[in-house]
Amino acid sequence: MSVSQFKVDSHGRRTHTCGALRAEHVGQTVVLKGWVDSRRDLGGLIFVDLRDRYGITQIVFNPEHNAETAKMAESLRFEFVLSVKGTVREREVAAKHAGMPTAAIEVMADDLILLNTSEPLPFMVSAAESRETTASEDLRLKYRYLDLRRQELKNNVLLRHRVYQAVRRFYDGEDFVEVETPVLMKSTPEGARDYLVPSRVHAGKFFALPQSPQTYKQILMVAGMDRYFQIVKCFRDEDLRADRQPEFTQIDVEMTFATEDLVFETAEGMLAQIWKDVKGVDLELPFPRMTYDAAIRTYGSDKPDLRFGMELHDLNPAFKGCGFRVFDSVIDEGGAVVGFVVKGGGDTGRGKLDKLDKDIVRKKLGGGGLIHFRLPSDGSELQSSVKAEVLPTEFVQKAIEQTGAEQGDMVLVMAGAAPKVFMQMGDLRLHMAREEGLVEESADGPWKFLWVTDFPLLEYDEDEGRFFAMHHPFTSPQAEDMDKLGTDPGAVRAQAYDVVLNGSEIGGGSIRIHNSEVQRQMFDALGIDEEEAQMRFGFLLDAFRYGAPPHGGIAFGLDRIVMLLTGASSLRDVIVFPKTQSAQEPMVQSPDVVDAHQLRDLHIQLITKEDDAD
RNA sequence: GGUCCGGUAGUUCAGUUUGGUUAGAACGCCUGCCUGUCACGCAGGAGGUCGCGAGUUCGAGUCUCGUCCGGACCGCCA
């Protein structure tokens, strides 16, 4: 393709997009612009599917109609950029394209202008060819601009846009003020690793990118903003997962004079608005609520997936005094025997169960060994993995009765220290549900929302030998647990909550401490002394002394919400330019080295690996 | 930091179990034919650093070690 073949675009503006034309436009002269999605050259007639963001329209080139234009069309290839002037006409056989909105018509080309060519593609972009791409993610990320032309990713971007708009419309309507908080802020010792930004002006000092705008939004409440929200980038320098990126987007919300009920109600309204706008679905409000304790005991997780049953049962009552040493010692030591029913699992083979025990329970969950009771579907007698001489059948029967298992079912059981054993069984529950095909990620629901409430305020870290804030250090204890803060910190419940959808945590928040004395006690429990508190959070403690109102809020993971709405299996499919698992971006190839003088300006000296004694 | 899976033509994969002649297929690309296709069709052709580096061997895509890259998970992530 020589340069001379490019002409000035004398067609002027497009009259329609590639998704706009219908039967009613037949007879009109139109100008369309877009990419060659595919081309079918029949020797004489040439058909080109012209694609833009809005859709695809079939263009016909006919040598009898316009020989020069048809000749040009022979050289068209995938992803060439065209302007086409032509006449809309009825399509002879539209039936084959029932799903295509423009199927009723086609455009007979009068004139063609080649706006740009394309080299052969590293992978197929065509809407017809690759609704689900087979290209490796590596390649897709390197050529992200091509990947984003694909229907699937393009739709994710457009859906994400609609989520932004729904969020803004909702909060604006509820008197929330959108405020931008600084991206260059201050490192905080708790929580995730910070991304740091060196200061040129202040040698040896660093900004940190926000893990969330937490302290700023609290200050805004003290400042009397009353209701705040922000769609904001947050940064955490921790290892990646399919649902975890180092930079991600939060819908950040804070309200003055908030109670948990008020936060829940508002959050539900916002989520309902998203689902209404994006999916046309009316969510059932209010969402069910469950305490953290109940979630752990019933689902072995602080983010229960309610799309299926398989609830956990504490079988301690059934096995108390059963004589089976494993159970007896666990129960005596305050642990738990936990089981759940696998419906229709009564005929599961021994080999499969051994594999489950070895590969999943022991290797992956670190569990102490799986016990099973099978009730064969042919009505034959109970099969226990523990011999009746060791674990008398009467106790097993009692346990089976408690779980509600029927003939044809299986009960899986593990014993161990609580609450760890509950969480291991919770993981096993998810594993079995996937195995049994009970959960399917789908963009069409079902949508099982849930509030998990009454989180512990603190959790004990064995390695460090001290308590850490489970949510963050500004979370308010529950009033009735206040006196335990000094005596039994682990037992204090927080006014903290998560909102869970289909087993994913999509948001979390708390009612905050607004009193500097309570905040001081909290720092005390965390082992942060007066001096350190003043250094790290002095600004907040100061602010609390000037009429700080009670306040609270919540932050939602926007990327995860979009992931669930689109049915995407990875966060990378709902972020336009995501990082790989090793936190790199293959297209621009970041991170990268910088010039020596840049480092000098920043007062930074690099150390080699050998110097790095750590 | 750890466990596991993968890396072969532009792309997606087969071939690795059991080392052995010229490393195959499909799609894409190129050439020719084809006037109602819509994953158009037909015929022919070009296209390979078997991720990289060592090693074992007469001989390595295939075996061993190391390393890089991608992915899933554990640790980590209030």
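FYI, side chains are in, hydrogens and waters are out, and symmetry mates aren't considered; it's all heavy atoms of this structure. By convention in this document, chain letters (A, B, ...) are assigned in the order of the sequence lines, proteins followed by strands, and residues within each chain are numbered from 1.
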Checking salt bridge (charged side-chain N to carboxylate O under 4.0 Å, His left out) for the pair A:E505/A:K303: CA distance, chi angles, key distance, verdict? CA-CA 6 Å; A:E505 180 203 326; A:K303 43 181 192 207; 6.0 Å; no
Is any side-chain N or O of [X] under 3.5 Å from a base N or O of [N], one able to act as donor and the other as acceptor?
X: A:R244; N: B:C77; result: yes
X: A:R572; N: B:G71; result: no
X: A:R91; N: B:C38; result: yes

Which value, in whole Å, describes the distance between the [atom1] atoms of nucleotides [N] and [M]?
N: B:G53; M: B:G15; atom1: C1'; answer: 24 Å
N: B:G2; M: B:G47; atom1: P; answer: 43 Å
N: B:C13; M: B:C5; atom1: C1'; answer: 16 Å
N: B:A43; M: B:G6; atom1: P; answer: 36 Å
N: B:C27; M: B:G41; atom1: P; answer: 8 Å
N: B:U64; M: B:U16; atom1: P; answer: 15 Å
N: B:U56; M: B:U49; atom1: P; answer: 26 Å
N: B:A14; M: B:A25; atom1: C1'; answer: 7 Å

Just how far, in rounded Å, is [atom2] of [N] from [atom1] of [X]?
X: A:I46; N: B:C38; atom1: CD1; atom2: P; answer: 15 Å
X: A:D147; N: B:U11; atom1: CG; atom2: P; answer: 15 Å
X: A:D239; N: B:A72; atom1: CG; atom2: P; answer: 12 Å
X: A:H472; N: B:C77; atom1: NE2; atom2: P; answer: 16 Å
X: A:D41; N: B:C38; atom1: CG; atom2: P; answer: 13 Å
X: A:E238; N: B:C77; atom1: CD; atom2: P; answer: 6 Å

Across the strands shown, which category fits [X] at heavy-atom distances under 4.0 angstrom: base, sugar-phosphate, nothing?
X: A:L139; value: sugar-phosphate
X: A:R77; value: sugar-phosphate
X: A:E106; value: base
X: A:T475; value: nothing
X: A:D138; value: sugar-phosphate
X: A:Q584; value: sugar-phosphate
X: A:D237; value: nothing

For [N], what is the paired nucleotide under Watson-Crick or G-U wobble rules, both distances under 3.5 Å?
N: B:U64; result: B:A54
N: B:G70; result: B:C5
N: B:C42; result: B:G32
N: B:G48; result: none

Tell me the side-chain hydrogen bond (donor to acceptor under 3.5 Å, both in side chains) pairs involving residues 576-587 of chain A, sequence neighbours left out?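 Found A:E247-A:K579, A:T580-A:S582, A:S582-A:Q584.
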Over-ring placement of A:R466 relative to A:F468, 6.0 Å and 45° cut-offs: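 Yes, a cation-pi geometry holds between A:R466 and A:F468.
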Do you know the tightest heavy-atom contact between A:V452 and A:D302?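 The answer is CG2-O, 3.5 Å.
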Between A:R40 and A:Q58, is any side-chain donor less than 3.5 angstrom from a side-chain acceptor?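 A pair is found: one side chain offers a donor N or O, the other an acceptor, under 3.5 Å apart.
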Quick one: do the A:Y228 and A:D252 side chains pair a donor with an acceptor below 3.5 Å?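 A pair is found: one side chain offers a donor N or O, the other an acceptor, under 3.5 Å apart.
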By nearest heavy atom, map A:M108 and A:R39 onto RNA chain B; which one lands nearer the 5' end?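 Of the two residues, A:M108 wins.
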Between A:K579 and A:G43, name the one whose nearest nucleotide on RNA chain B is closer to the 5' end.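 The residue mapped nearer the 5' terminus is A:G43.
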Contact under 4.0 Å: [X] side-chain N or O vs [N] OP1/OP2:
X: A:Q58; N: B:U37; answer: no
X: A:S136; N: B:G6; answer: no
X: A:R241; N: B:C74; answer: yes
X: A:R40; N: B:C40; answer: yes
X: A:T580; N: B:G70; answer: yes

Is A:I219 close to A:F539 at the side-chain level, that is, under 4.5 Å between some pair of heavy atoms?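 A:F539 vs A:I219: side chains touch.
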As a test of reading the structure: which of B:A72, B:C77, B:U35 is closest to the side chain of A:E64, going by heavy atoms?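 Among the listed nucleotides, the one closest to the side chain of A:E64 is B:U35.
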Near-parallel close stack of A:F123 and B:U11 base (under 5.5 Å, under 30°):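 No, the aromatic ring of A:F123 does not stack with the base.
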Qualifying residues under salt bridge (charged side-chain N to carboxylate O under 4.0 Å, His left out), relative to A:R244, sequence neighbours excluded: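 With neighbours one apart ignored, the set is empty.
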